[in-house]
Number of protein chains: 2
Amino acid sequence: MNPTIKDVAKYANVSIATVSRIVNGLPGYSEDTKKKVQEAIEALGYQPNAIARGLINKRTQTIGVLFPEVSGMLSSEVLEGVENAAHDGGFSVIVCNTTSSGKRTVKYLRLLQEKRVDGIIFASEDVKEEYYKIFQEMKVPVLLVSTASSNYDLPFVRVNDFEGAFQATEHLIKKGHKQIGMIGGSKNDPIAGVPRMKGFKEALQKYSLAFSVAHITTNEGYRFQNGKESLPVLLKQLPNMTALFAASDEMAIGAMSAAHQLGIKVPEELSIIGYDNLKIAEMCYPALTTVSQPLKDMGQTAGEILVKLIKGEEKEAKSRYMPFTIVERQSVCDLRDK
Amino acid sequence: MNPTIKDVAKYANVSIATVSRIVNGLPGYSEDTKKKVQEAIEALGYQPNAIARGLINKRTQTIGVLFPEVSGMLSSEVLEGVENAAHDGGFSVIVCNTTSSGKRTVKYLRLLQEKRVDGIIFASEDVKEEYYKIFQEMKVPVLLVSTASSNYDLPFVRVNDFEGAFQATEHLIKKGHKQIGMIGGSKNDPIAGVPRMKGFKEALQKYSLAFSVAHITTNEGYRFQNGKESLPVLLKQLPNMTALFAASDEMAIGAMSAAHQLGIKVPEELSIIGYDNLKIAEMCYPALTTVSQPLKDMGQTAGEILVKLIKGEEKEAKSRYMPFTIVERQSVCDLRDK
DNA sequence: CTGAAAGCGCTAACAA
DNA sequence: TTGTTAGCGCTTTCAG
């Protein structure tokens with residue numbers, strides 16, 4: 001067994017209260033006893049038991065983070081930021097992979113409740129009523145990252161997707177493109193689906209360019225495969241398309257891959273702009289021009305806000321829109337050059 | 001405050017001991033009281049407090065996982081497997097990002113010790129003496145994933161890197177390549193560095209092909225940038241190289257990117273084989289032929305073994321070499337066709 | 001079948 | 001400056 005505070009007290013010939021004070025840096029002892037106790041701690045290799053502390057303090061110094069997919073490149077960057085902020089604030093993070101399953105999410109939420117985590121970060125998924133109820137039961141701060149809740153008032157940290165999509169499309173337009181298509185997400189996705197399509201549409205309209213349903217393909221997910229399969233159908237719908245906006249980098253790269261196979265040159269014959277700025281965006285060829293979400297920063301910010309909320313340094317959580325930028329690489333060509 | 005076992009007992013007019021028995025599925029009560037208690041639990045929304053349980057059971061149902069970089073694509077796949085296995089076994093996982101810093105690693109280990117985690121998974125990094133000492137102090141099972149310890153006897157789950165590299169090289173040779181180069185890792189890396197270079201070298205020798213220091217470039221890391229910068233120097237050292245083996249997918253793709261920029265066609269003029277089979281391997285163009293490590297499986301297996309060890313279902317942990325395969329895609333051409 | 005009570009390791013009054 | 005003591009919420013003997 002690990003030595004306990006009692007062992008230390010006995011070894012140093014003091015009471016456990018004194019040891020506790022010294023360990024916690026509270027006032028109330030002489031330099032002399034302090035030294036004695038520290039020697040005892042050293043000699044015994046004493047480590048305070050965080051579990052016992054948690055029981056009494058009602059604080060576990062732990063937060064839970066829920067992702068739909070921990071191995072996704074998007075999640076993992078966000079996670080890194082969260083973990084970093086948590087660590088700096090003296091918290092540990094428990095990761096939960098919901099796999100987008102409602103049952104699993106609820107199960108995890110219950111678990112986090114039993115483990116008495118001090119706060120929760122919920123990422124990239126819509127908040128169902130079920131979840132919201134548990135959040136309320138738990139009475140711990142909850143923060144949404146790269147998602148928002150349509151139905152409930154929960155603080156979030158994310159990018160303005162409408163704006164991001166709008167500017168991405170505008171970027172294409174300003175490069176002289178007039179026939180622009182979009183590989184979109186799901187119509188039922190109120191977070192990454194609808195707003196990005198809306199941003200695309202409104203950008204076209206602002207510049208008086210043609211827009212119809214034929215300009216967009218929708219997809220179940222935002223993966224490579226979705227993009228790859230979407231390109232041919234978009235091409236059929238919009239034969240003289242010179243540029244496209246994909247609602248995710250993975251889809252953009254899928255489209256790029258399909259283009260290669262079809263013998264379509266990127267960007268000479270087809271310009272592509274993505275969304276996310278994952279690490280792969282600069283690894284593919286040609287390197288992908290994309291809307292950069294500050295993923296790690298978003299995680300970090302969410303973590304920091306959550307920690308402040310837990311510590312009571314901040315009372316009301318205010319939502320944050322994070323700035324995005326358009327990162328120009330090689331996948332978009334300028335039509336005006338010709 | 002959350003309701004406690006006391007509240008339930010009072011509500012149901014029984015003792016806390018009885019509630020405890022029912023909650024834990026132990027025998028010793030009538031159907032009648034069981035019903036009463038369950039109603040009380042329902043009515044109060046009682047959730048057992050895992051912290052209090054942990055204090056008494058000396059089990060937190062939590063494991064710690066340490067990665068040098070949680071946002072790496074390799075780490076995140078392993079993490080997914082670990083999380084999955086842990087969850088199935090009734091454990092939560094705390095992630096720790098060591099950033100390859102010794103100090104930070106030690107700090108985390110201490111933290112996990114204080115939090116009384118039941119086991120540890122240590123990934124992708126060499127085990128320093130400092131760490132090993134803490135492992136021993138903690139007296140919890142430790143499992144290494146995709147790494148091994150040269151100095152200490154710790155169970156691991158990984159791929160045989162020498163064999164993987166050997167077969168990757170052999171694959172190139174069997175496709176008729178004779179001038180083969182390698183973009184290697186670090187000479188000081190006993191895990192992914194040395195064995196892969198050795199595998200490369202011995203494969204060449206087995207087939208009586210030329211080998212010299214000029215056939216390998218070494219790198220600090222295994223990143224895209226390393227590969228990108230390595231290609232030109234390797235090309236200078238080995239001007240008539242027709243194929244190369246990169247010690248990681250990221251480096252392979254970096255080399256591919258550099259090749260594109262130099263106007264070298266892959267695979268027609270230069271074949272490339274990677275190592276890892278990350279998700280990006282099938283996303284790049286041409287899709288990367290590579291040595292596939294079953295990353296998620298490795299994490300899953302490690303998680304499962306650790307859980308068994310914790311539960312005492314297994315006494316001695318045996319190390320496991322996981323099978324790898326060569327995934328043929330489009331980045332290697334067959335010279336014999338000509 | 002059920003309850004009283006001890007105690008897990010610690011913190012925080014309250015005394016001394 | 002120090003020690004005593006009462007819990008935190010739970011499990012687990014040990015009686016009844």
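All heavy atoms count here, side chains included; hydrogens, waters and symmetry mates do not. Protein chains get the first letters and strands the later ones, always in sequence-line order, with residue 1 at the start of each.
Neither OP1 nor OP2 of C/dC10 sits under 4.0 Å from any side-chain N or O of A/N57. Distances shown here put every side-chain N or O of B/S15 at or beyond 4.0 Å from the OP1 or OP2 atom of C/dT2. For B/R53, a side-chain nitrogen or oxygen approaches OP1 or OP2 of D/dT11 to under 4.0 Å. For the pair A/K34 and D/dT1, the criterion of a side-chain N or O lying under 4.0 Å from OP1 or OP2 is not met. Distances shorter than 4.0 Å separate some side-chain N or O of B/S30 from OP1 or OP2 on C/dT2. Side-chain nitrogen and oxygen atoms of A/K58 include none within less than 4.0 Å of the OP1 or OP2 phosphate oxygen of C/dT11. Applying the 4.0 Å criterion to OP1 and OP2 of D/dT11, one finds that B/N24 has a side-chain N or O inside that range.
In this structure, B/D32 places its CG atom where only 12 or fewer heavy-atom neighbours from other residues, nucleotides or ligands lie under 6.0 Å away.
The existence of a salt bridge linking B/E83 and A/R104 is confirmed by a sub-4.0 Å separation between a basic side-chain nitrogen and an acidic carboxylate oxygen. Between A/R320 and A/E304, none of the side-chain N atoms (NZ, or NE/NH1/NH2) sits under 4.0 Å from a carboxylate O, so this pair counts as no salt bridge.
Between A/I5 atom CD1 and C/dG7 atom C1' the separation is 16 Å, expressed in whole Å. Rounding to whole angstrom units, CD of residue B/Q47 and C1' of D/dC8 are separated by 18 Å. The interatomic distance linking B/Q61 (CD) with D/dC10 (P) rounds to 16 Å, in whole Å. Rounded to whole angstrom, the span from the CD atom of B/E31 across to the C1' atom of C/dT2 amounts to 15 Å. For the pair A/R59 CZ and C/dA12 P, the interatomic distance rounds to 12 Å; values are reported in whole Å. Between the CD1 atom of A/I51 and the P atom of C/dG7 there is a distance of 22 Å, rounded to whole Å. Rounded to an integer number of Å, the gap from CD1 of B/I22 to P of C/dT2 is 8 Å. To the nearest angstrom, P of C/dG9 lies 15 Å from CD of B/Q113.
Comparing C/dG3, D/dG3, C/dC10 by their closest approach to the side chain of A/V14 singles out D/dG3. Across D/dT12, C/dC10, D/dG9, the shortest atom-to-atom separation from the side chain of A/I56 is found for C/dC10. If you check C/dT11, C/dT2, D/dT12 against the side chain of B/T33, the one that comes closest is C/dT2.
B/I16 comes within 4.0 angstrom of a nucleotide base, judged by non-hydrogen atoms across all strands. Looking at heavy-atom distances under 4.0 Å, B/P27 makes no contact with the nucleic acid at all. B/S20 comes within 4.0 angstrom of a base, heavy atoms only.
Between the side chain of B/S149 and the backbone N or O of B/V127, no donor-acceptor pair lies under 3.5 Å.
Using the six-membered ring where Trp is involved, A/Y152 and A/Y132 have ring planes that are parallel, under 30° apart on the 30 and 60° scheme.
In this model, no donor atom of one side chain and acceptor atom of the other lie less than 3.5 Å apart for B/S30 and B/K35.
Between B/Y29 and B/L55, the residue whose closest nucleotide on DNA chain C is further toward the 5' end is B/Y29.
Side-chain N/O atoms of A/R21 and base N/O atoms of D/dG3 include a donor-acceptor pair closer than 3.5 Å.
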